[in-house]
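Residue numbers start from 1 in every chain, and the chains themselves are labelled A, B, ... in the order their sequence lines are given, proteins ahead of strands.
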Amino acid sequence: MSDVLERARGLLGRVLHAHGTSIVITEVEAYGGTQDPASHAYTRTPRSEIMYGPPWRLYVYRSYGIHHCANVVTGPTEQAAAVLLRAGRVVAGLDVARDRRPGVPDHRLASGPGNLARAAGIDLDDLGTDLLGDGPVRLGDREAPGSVSAGPRVGVTREADRPWRFWITGDLTVSAYRRSPRAPSS
DNA sequence: AACATGATTCGCT
DNA sequence: GCGAATCATGTTG
């Protein structure tokens with residue numbers, strides 16, 4: 001189970017190539033699947049089915065009816081662990097990303113999970129994509145980040161205190177922490 | 001078939 | 001800092 005934490009940290013600094021953009025991942029959150037009450041995969045449903053399969057595939061879900069969020073399934077198979085991509089820095093395809101998010105300053109283009117998916121052009125059509133293949137969404141090289149910080153996950157009500165959110169210390173693109181109003185007071 | 005609930009964002013105070 | 005928007009998904013009757 002702690003495997004997903006290593007995978008989460010290992011995704012920081014890695015490049016995501018998606019639909020004409022390249023984004024360096026700067027902030028992630030780990031979800032422990034069947035072992036984690038906060039995970040969508042805690043209960044197996046049609047929506048979460050993809051996470052029970054092989055790792056390195058893309059799990060995309062709709063949030064609040066409007067936004068899309070992108071996750072990397074980390075496995076092992078049947079454990080359904082995944083890592084939510086929360087923020088990144090657009091390093092290529094800036095013009096494309098700007099078109100997708102008009103009026104937003106560059107360092108905010110992919111700040112926040114819904115915004116990252118938007119800037120990357122990721123939606124439900126990309127569900128299940130093999131991120132190690134050479135499709136329209138794939139993972140590329142990694143440049144090890146200098147310093148990594150950890151803290152509680154944003155917006156979750158259950159297990160709200162697990163420090164399973166990781167980000168590159170001091171990076172401008174990292175989104176703000178906000179505890180769920182429904183989470184029990186820490 | 002109806003109800004409750006978000007792994008969020010944006011705008012206003 | 002706070003609250004509304006908005007609808008697919010999961011849960012309950």
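Proximity note for Arg178(A) (side chain, C-beta onward) versus dG6(B), dG3(C), dT8(B): the nearest is dG3(C). Distances from the side chain of Pro113(A) to the nucleotides dG6(B), dT9(C), dT9(B) place dT9(B) closest. Listed nucleotides dT9(B), dT9(C), dT8(B) differ in distance to Tyr64(A); the shortest reach to its side chain belongs to dT8(B).
Under the 4.5 Å side-chain contact rule for hydrophobic residues, Ile168(A) and Val154(A) do not share a cluster.
Inspection of the Thr26(A) and Thr173(A) side chains reveals an N or O donor paired with an N or O acceptor under 3.5 Å. In the model, Asn115(A) has a side-chain atom that pairs as donor or acceptor with a side-chain atom of Arg101(A) under 3.5 Å. With no hydrogens or angles considered, a side-chain donor-acceptor pair links Thr169(A) and Ser149(A) at under 3.5 Å.
In this structure, Arg14(A) satisfies the cation-pi test against Trp56(A), with its NZ or CZ atom closer than 6.0 Å to the six-membered ring centre and inside 45 degrees of the ring normal. Cation-pi geometry between Arg153(A) and Tyr177(A) is not met: the NZ or CZ atom fails to fall both under 6.0 Å from the ring centre and inside 45° of the normal.
Rounding to whole angstrom units, CZ of residue Arg182(A) and P of dA4(B) are separated by 11 Å. Distance, Leu116(A) CG to dA7(B) P: 18 Å, rounded to whole Å. When the C1' atom of dG6(B) is taken as reference, atom NE2 of His68(A) falls 16 Å away, rounded to whole Å. One can place CD of Glu29(A) at 14 Å from C1' of dG6(B), the figure rounded to the nearest angstrom. As rounded to whole Å, 19 Å separates atom C1' of dG3(C) from atom CZ of Arg179(A). Computed from coordinates, the Ile50(A) CD1 to dT9(C) P distance equals 15 Å when rounded to whole Å.
When heavy atoms are screened at a 4.0 angstrom cut-off, Asn115(A) is found touching the sugar-phosphate backbone but no base atom. Residue-level contact check: Ser39(A) touches the bases, meaning some heavy atom is under 4.0 Å from a base atom. Arg101(A) comes within 4.0 angstrom of sugar-phosphate atoms only, judged by non-hydrogen atoms across all strands, and of no base. Nucleic acid contact for Arg62(A): sugar-phosphate only, since backbone atoms but no base atoms lie under 4.0 Å from a heavy atom of the residue. Backbone-only engagement by Ile66(A) is indicated by non-hydrogen atom pairs under 4.0 Å involving sugar-phosphate atoms exclusively.
Comment: Arg44(A) engages Glu78(A) in a salt bridge, judged by a side-chain N to carboxylate O separation of less than 4.0 angstrom. Note on Arg162(A) versus Glu159(A): salt bridge recorded, some NZ/NE/NH1/NH2 to OD/OE distance being below 4.0 Å.
In terms of polar N and O atoms assigned as donor or acceptor, the side chain of Tyr61(A) comes within less than 3.5 Å of the base of dA7(B) in a complementary pairing.
Proximity of Arg47(A) to the phosphate of dG10(C): a side-chain N or O atom is located under 4.0 Å from OP1 or OP2. For dT9(C), neither phosphate oxygen OP1 nor OP2 lies less than 4.0 angstrom from any side-chain nitrogen or oxygen of Thr45(A). Listed pair His40(A) / dA7(B) meets the phosphate criterion, a side-chain N or O lying under 4.0 Å from OP1 or OP2. For dT9(B), the OP1/OP2 oxygens have no side-chain nitrogen or oxygen of Ser175(A) closer than 4.0 Å.
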>> Give the dot-bracket line for DNA chain B from 5' end to 3' end: parentheses for intra-strand Watson-Crick or G-U pairs under 3.5 Å, square brackets for crossings, | for inter-strand pairing, dots for unpaired.
In response: ||||||.|||||.
